[in-house]
Amino acid sequence: SSMLLNSEASLKFTKENMKMLKRVDKNLLKRVMGAPKSTPIPALYLETGSVPVPYIIKGRRLLYLHYLLNQPQDTLLYKMLHDQIENPIKNDWLSVVQENLIELGLDHYSLNDIKSMKKYKFKKLVRVSCQDVAFKDLKNSIKDKNLKKLKNLTYNKLEMQNYLTSSKLSISLKKIIFKARTGMLPVGFNFGQKKTCFACEMSDDTDRHLLECVILKMSCPDIMENIESSFDDIYSSDMEKVYKISKLLRSPLRARELL
């Protein structure tokens, strides 16, 4: 990405610059997923398997460190690095990299260890470390912020969820699944509007009510005939169940737009 051009050679970003990069990163994911502004941020990354930009920058710095360590000793790049090793200064590039090694749990590797490691091996090590640390931080963020909308979701590692890789699902269905899983379907209760369904005016306007509303059912024969699927199937690892419930949800969502 051009946004990260030469980020491996950068010093520590200011809070304002990092905030801007994170905002661009989040907005891009929201746009790709068709997600509302209030979508829980951890869900954007955990559902898509994307590594947040701060971890990418740290990883790029470490890969550049490996590159510099393996430069011929008579090159300007190597001399620059060697000077920082011999004469460390607070907040210089190497000190930032050493902080990144600690943050990614790789500080037990010495510079000599890193230099002697094969490029492909070190690259894999950094990639896995970035993913693991980002995953841990994202999970902690859900817990710390008490994001109840994500309480039904289970993640074992940072990877793209199966429904997003399925060739059977259309892009529009994938976006519906994403919104349903993250509590972002366009119903009142998902956006702090605790009111009754505007169609039937009898029950709370919740995502689960989409499949129960008597008025919407009149416009959606597939919901009337449904005896197998339930809303909780949206959290299933069974892609057939996810496919069926996403198709069912699409009908009342379309019907609501016409009311």
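Hydrogens, waters and symmetry mates play no part in the numbers below; they use all other heavy atoms, side chains included. Since we're looking at a predicted model, the values are computed, not measured.
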Open item on the list: I'd like to know if Glu240 and Lys168 make a salt bridge, using a cut-off of under 4.0 Å between side-chain N and carboxylate O.
Closed with: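 Judged by the 4.0 Å cut-off on N to carboxylate O distance, Glu240 and Lys168 do form a salt bridge.
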Open item on the list: So that I can tick it off, tell me whether Arg208 and Asp232 are bridged by a salt bridge, with the cut-off set at under 4.0 angstrom between side-chain N and carboxylate O.
Closed with: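 A salt bridge is present here (some side-chain N lies under 4.0 Å from a carboxylate O).
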Open item on the list: Please tell me whether Thr14 and Asn17 have a donor and an acceptor in their side chains that are separated by less than 3.5 angstrom.
Closed with: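 The criterion, which ignores hydrogens and geometry beyond distance, is satisfied for Asn17 and Thr14.
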Open item on the list: Looking only at the side chains, is there a donor atom on one of Glu8 and Tyr67 sitting less than 3.5 Å from an acceptor on the other?
Closed with: no
Task: Stacked cation flag Lys149 on Phe191, 6.0 angstrom / 45 deg - done: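 Verdict for Phe191: a cation-pi partner in Lys149.
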Task: Ring-face cation contact, Tyr55 with Lys58, 6.0 Å cut, 45° max - done: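 Yes, Lys58 sits over the ring of Tyr55.
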Test your reading of the model: is there a side-chain donor-acceptor pair from [X] to the backbone of [Y], 3.5 Å cut-off?
{"X": "Arg254", "Y": "Leu249", "result": "no"}
{"X": "Asp113", "Y": "Ser110", "result": "yes"}
{"X": "Thr48", "Y": "Leu44", "result": "yes"}
{"X": "Lys174", "Y": "Ser166", "result": "yes"}

Open item on the list: Nearest 0.5 angstrom please: Thr206 OG1 to Asn190 CG, how far?
Closed with: 8.0 Å
Open item on the list: Does any part of the side chain of Trp93, heavy atoms only, come nearer than 4.5 Å to the side chain of Leu65, both counted from C-beta?
Closed with: yes
